[in-house]
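Remember, it's a predicted structure, so these values are computed and weren't measured experimentally.
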Amino acid sequence: MDNSHYVSVPNKKVTANNGITYAYREVGVRRGTPIVALNHLSANLDNWDPTIIDGLGKNHWVITFDYQGVGTSSGKVSGSIQLMADDTINFIHALKLEKVDILAFSMGGMVAQEMMLKDPELLNRVILAGTGPRGGEGIENVTKISDASLARALVTFKDIKTYLFFTRTENGKRSAQDFVARLNIRKKDRDKTINWFAYRRQLRAINAWGKEKPADLSDIDIPTLVVNGDNDIMVPTTPNTYQLKDRIKNSRLIIYTDAGHGSIAQYHESFVKSANEFYGEN
């Protein structure tokens with residue numbers, strides 16, 4: 001058993017055939033099918049909740065990484081969600097992995113859906129959290145919502161995720177505070193924050209994806225777990241989360257109550273239990 005923890009594991013680098021050098025971290029037991037984690041808009045390695053990564057790492061090999069142009073990965077941020085999927089596939093191939101499980105959150109869930117269409121043989125099991133289908137209702141509004149939340153965060157001296165990821169109930173506010181504190185536990189070798197231009201390029205890619213023609217996911221037979229809170233303001237839970245579940249035939253659904261976009265962090269103990277059970281199935 002590997003007793004490493006996400007807040008202390010070293011940063012690593014690998015160079016893919018596309019010439020991009022990717023920053024990544026790994027936690028857990030190096031056996032079985034590895035879990036590759038695809039993160040949200042503007043996120044770097046330090047934006048994964050360590051309780052989730054460590055919780056999965058007790059029984060699995062978990063790998064997080066920076067998309068190209070993010071953190072200390074080289075290159076320029078990809079201009080579309082589809083190109084981000086290619087980017088992720090290149091990273092997986094650089095590690096010489098033949099089959100992976102996916103943990104995909106928010107924008108990462110959009111990237112994962114494109115991977116399911118592009119290279120389904122690469123994927124074993126997929127968790128799609130806080131996300132919706134291509135062309136989903138309200139996804140093109142992510143920029144407007146993000147900008148409003150950023151202004152509010154600057155005025156209140158709070159992390160923007162406080163407003164974007166959590167409900168404004170007492171439960172949501174407390175969960176937001178706890179989550180932000182967990183993200184700041186790591187003190188040494190922290191990742192590089194995304195720059196403004198790369199962040200806006202990601203936003204444009206999400207907005208464009210939200211306006212595209214919906215993808216046909218009916219032929220996908222990859223076991224999929226769709227997860228969200230009942231009040232996601234970034235990718236509206238209704239109808240998106242339910243439609244995503246309905247469009248992928250071999251899927252199941254978890255909706256957390258009094259929770260928003262970041263429900264997997266708010267209910268991290270319950271989520272880790274469900275995710276471990278899901279990834280552990282044959």
| message | Ignoring hydrogens, what is the shortest heavy-atom contact between Leu183 and Pro50? Give both atom names and the distance. | response | CD2-CD, 4.4 Å
| field | Worked check of side chain to side chain contact (heavy atoms under 4.5 Å, CB included) between Ile35 and Ile63 | value | CA-CA 6 Å; Ile35 300 169; Ile63 302 166; over 6 Å; no
| message | With no hydrogens and no angle check, just 3.5 Å: does a side-chain donor-acceptor pair link Gln113 and Gln82? | response | no
| query | Ile127 versus Phe271: any side-chain heavy-atom pair under 4.5 Å? | reply | yes
| Taking side chain as C-beta onward, heavy atoms only, is Ile53 less than 4.5 Å from Thr64? | yes
| field | Side-chain donor/acceptor of Thr131 to backbone N/O of Leu128, under 3.5 Å | value | no
| message | Hydrophobic clustering (ILVMFWY, side-chain heavy atoms < 4.5 Å, transitive) - are Leu244 and Leu117 grouped together? | response | yes
| query | According to a 4.5 Å side-chain heavy-atom criterion applied to Ile, Leu, Val, Met, Phe, Trp and Tyr, with indirect links allowed, do Phe166 and Val155 form part of one hydrophobic cluster? | reply | no
| said: Nearest 0.5 Å, please: how far is CD in Gln243 from OG1 in Thr237? | reply: 12.0 Å
| task | Salt-bridge test for Asp46 and Arg25: reply yes if a basic N is under 4.0 Å from a carboxylate O, no otherwise. | result | yes
| task | Please indicate whether Lys211 has more than 12 foreign heavy atoms, meaning atoms of other residues, nucleotides or ligands, lying under 6.0 Å from its NZ. | result | no
| request: Could you tell me whether the side chain of Arg186 and the main chain of Asp191 form a donor-acceptor pair under 3.5 Å? | output: no
| query | Is there a donor-acceptor pair closer than 3.5 Å between any side-chain N or O of Asn240 and the backbone N or O of Pro236? | reply | yes
| query | Looking only at heavy atoms, which two atoms of Leu164 and Ser149 are closest? And how far apart? | reply | CD2-OG, 3.2 Å
| said: Rounded to the nearest 0.5 Å, what separates atom CD in Gln266 from atom CG in Asp49? | reply: 11.5 Å
| query | Do Gln177 and Lys158 touch side chain to side chain, with heavy atoms closer than 4.5 Å? | reply | no
| Ring geometry between Tyr279 and His60 (parallel below 30°, tilted from 30 to 60°, perpendicular above 60°) | perpendicular
| Asp54 side chain to Tyr6 backbone, donor-acceptor under 3.5 Å | yes
| Hey, what do you get for CD1 (Ile255) to CG (Asn228), rounding to the nearest 0.5 Å? | 5.5 Å
What side-chain donor-acceptor pairs closer than 3.5 Å can you find for residues 92-103, not counting sequence neighbours?
from: Lys99; atom 1: NZ; to: Glu121; atom 2: O; distance (Å): 2.7
from: Asp101; atom 1: OD1; to: Asn124; atom 2: ND2; distance (Å): 2.9
from: Asp101; atom 1: OD1; to: Arg125; atom 2: N; distance (Å): 3.0

| query | Quick one: do Val27 and Val7 end up in the same hydrophobic cluster if we chain Ile, Leu, Val, Met, Phe, Trp and Tyr together by side-chain heavy atoms under 4.5 Å apart? | reply | no
| Ignoring hydrogens and geometry, is there a side-chain-to-backbone donor-acceptor pair from Ser8 to His5 under 3.5 Å? | yes
| query | Which pairs count as salt bridge (Lys or Arg N to Asp or Glu O under 4.0 Å) when at least one residue sits in residues 160-169, sequence neighbours excluded? | reply | Asp159-Lys161
| request: Give the minimum heavy-atom separation between Ser80 and Ala205, together with the two atoms involved. | output: CA-CB, 3.8 Å
| Above 12 or not: heavy atoms from other molecules or residues under 6.0 Å from NZ of Lys273? | no
| request: Assert yes or no for the condition that the ring centre distance of Phe65 to Tyr67 is strictly below 6.0 Å. | output: yes
| query | Do Val226 and Ile254 have side-chain heavy atoms sitting under 4.5 Å apart? | reply | no
| Is the side chain of Ser73 donor-acceptor paired with the backbone N or O of Asp66 at a distance under 3.5 Å, no angle test? | yes
| field | Gap separating the CG atom of Leu225 from the CG atom of Leu253, nearest 0.5 angstrom | value | 8.0 Å
| message | Before you tell me yes or no, could you show the steps for His261 and Asp232 under side-chain hydrogen bond (donor to acceptor under 3.5 Å, both in side chains), namely the whole-Å CA-CA distance, both residues' side-chain angles and the distance that decides it to 0.1 Å? | response | CA-CA 4 Å; His261 191 67; Asp232 185 344; 2.8 Å; yes
| field | Ala112 versus Ala104, closest heavy-atom pair with distance | value | CB-CB, 3.7 Å
| Would Glu26 and Arg30 pass as an ion pair if we require N to O under 4.0 Å? | yes
| query | Can you check side chain to side chain contact (heavy atoms under 4.5 Å, CB included) on Val235 and Met110, steps first, answer last? | reply | CA-CA 11 Å; Val235 183; Met110 302 171 190; 4.2 Å; yes
| task | Could you go through the side chain to side chain contact (heavy atoms under 4.5 Å, CB included) check for Gln202 and Val70 one step at a time? | result | CA-CA 10 Å; Gln202 285 187 343; Val70 176; 3.6 Å; yes
| request: Verify, without hydrogens or angle tests, whether Ser263 (side chain) and Ala259 (backbone) share a donor-acceptor contact under 3.5 angstrom. | output: no
| Check: Tyr163 and Thr156 side chains under 4.5 Å, non-hydrogen atoms | yes
| query | Is there a donor-acceptor contact under 3.5 Å from the side chain of Gln68 to the main chain of Ser74? | reply | no
| Is the backbone of Ser175 close enough, under 3.5 Å, to the side chain of Asp178 for a donor and an acceptor to pair up by distance? | no
| query | Are Asn250 and Ile220 close enough that some pair of their side-chain heavy atoms sits under 4.5 Å apart? | reply | no
| message | For a 4.5 angstrom cut-off between non-hydrogen side-chain atoms, does Arg190 reach Leu45? | response | no
| Verdict with supporting geometry, Arg247 and Thr224, side chain to side chain contact (heavy atoms under 4.5 Å, CB included) | CA-CA 11 Å; Arg247 292 179 188 181; Thr224 304; over 6 Å; no
| said: Donor-acceptor check, side chain of Asp258 to backbone of Asn171, threshold 3.5 angstrom: yes or no? | reply: no
| query | Which value, rounded to the nearest 0.5 Å, describes the distance between Ser106 atom OG and Asn47 atom CG? | reply | 11.0 Å
| query | From Leu41 CG over to Leu203 CG, what is the distance, rounded to the nearest 0.5 angstrom? | reply | 4.5 Å
| remark: Partner of Tyr22 under side-chain hydrogen bond (donor to acceptor under 3.5 Å, both in side chains), picked from Asp87, Thr15, Asn90, is Asp87
| query | Is Trp48 reachable from Ile185 through a run of I, L, V, M, F, W or Y residues, each pair having side-chain heavy atoms under 4.5 Å apart? | reply | no
| field | Worked check of side-chain hydrogen bond (donor to acceptor under 3.5 Å, both in side chains) between Trp209 and Glu114 | value | CA-CA 11 Å; Trp209 196 78; Glu114 297 299 334; 2.8 Å; yes
| request: Please determine, by modelled atom types, if Thr143 and Asn207 share a side-chain donor-acceptor pair under 3.5 angstrom. | output: yes
| request: Please check if Val77 and Leu83 belong to a single hydrophobic cluster, counting links between Ile, Leu, Val, Met, Phe, Trp and Tyr side chain heavy atoms closer than 4.5 Å. | output: no
| query | Under 6.0 Å from the NZ atom of Lys144, do we count more than 12 heavy atoms belonging to anything else shown? | reply | no
| Would you say the side chain of Lys13 lies within less than 4.5 Å of the side chain of Thr72, judging by non-hydrogen atoms? | yes
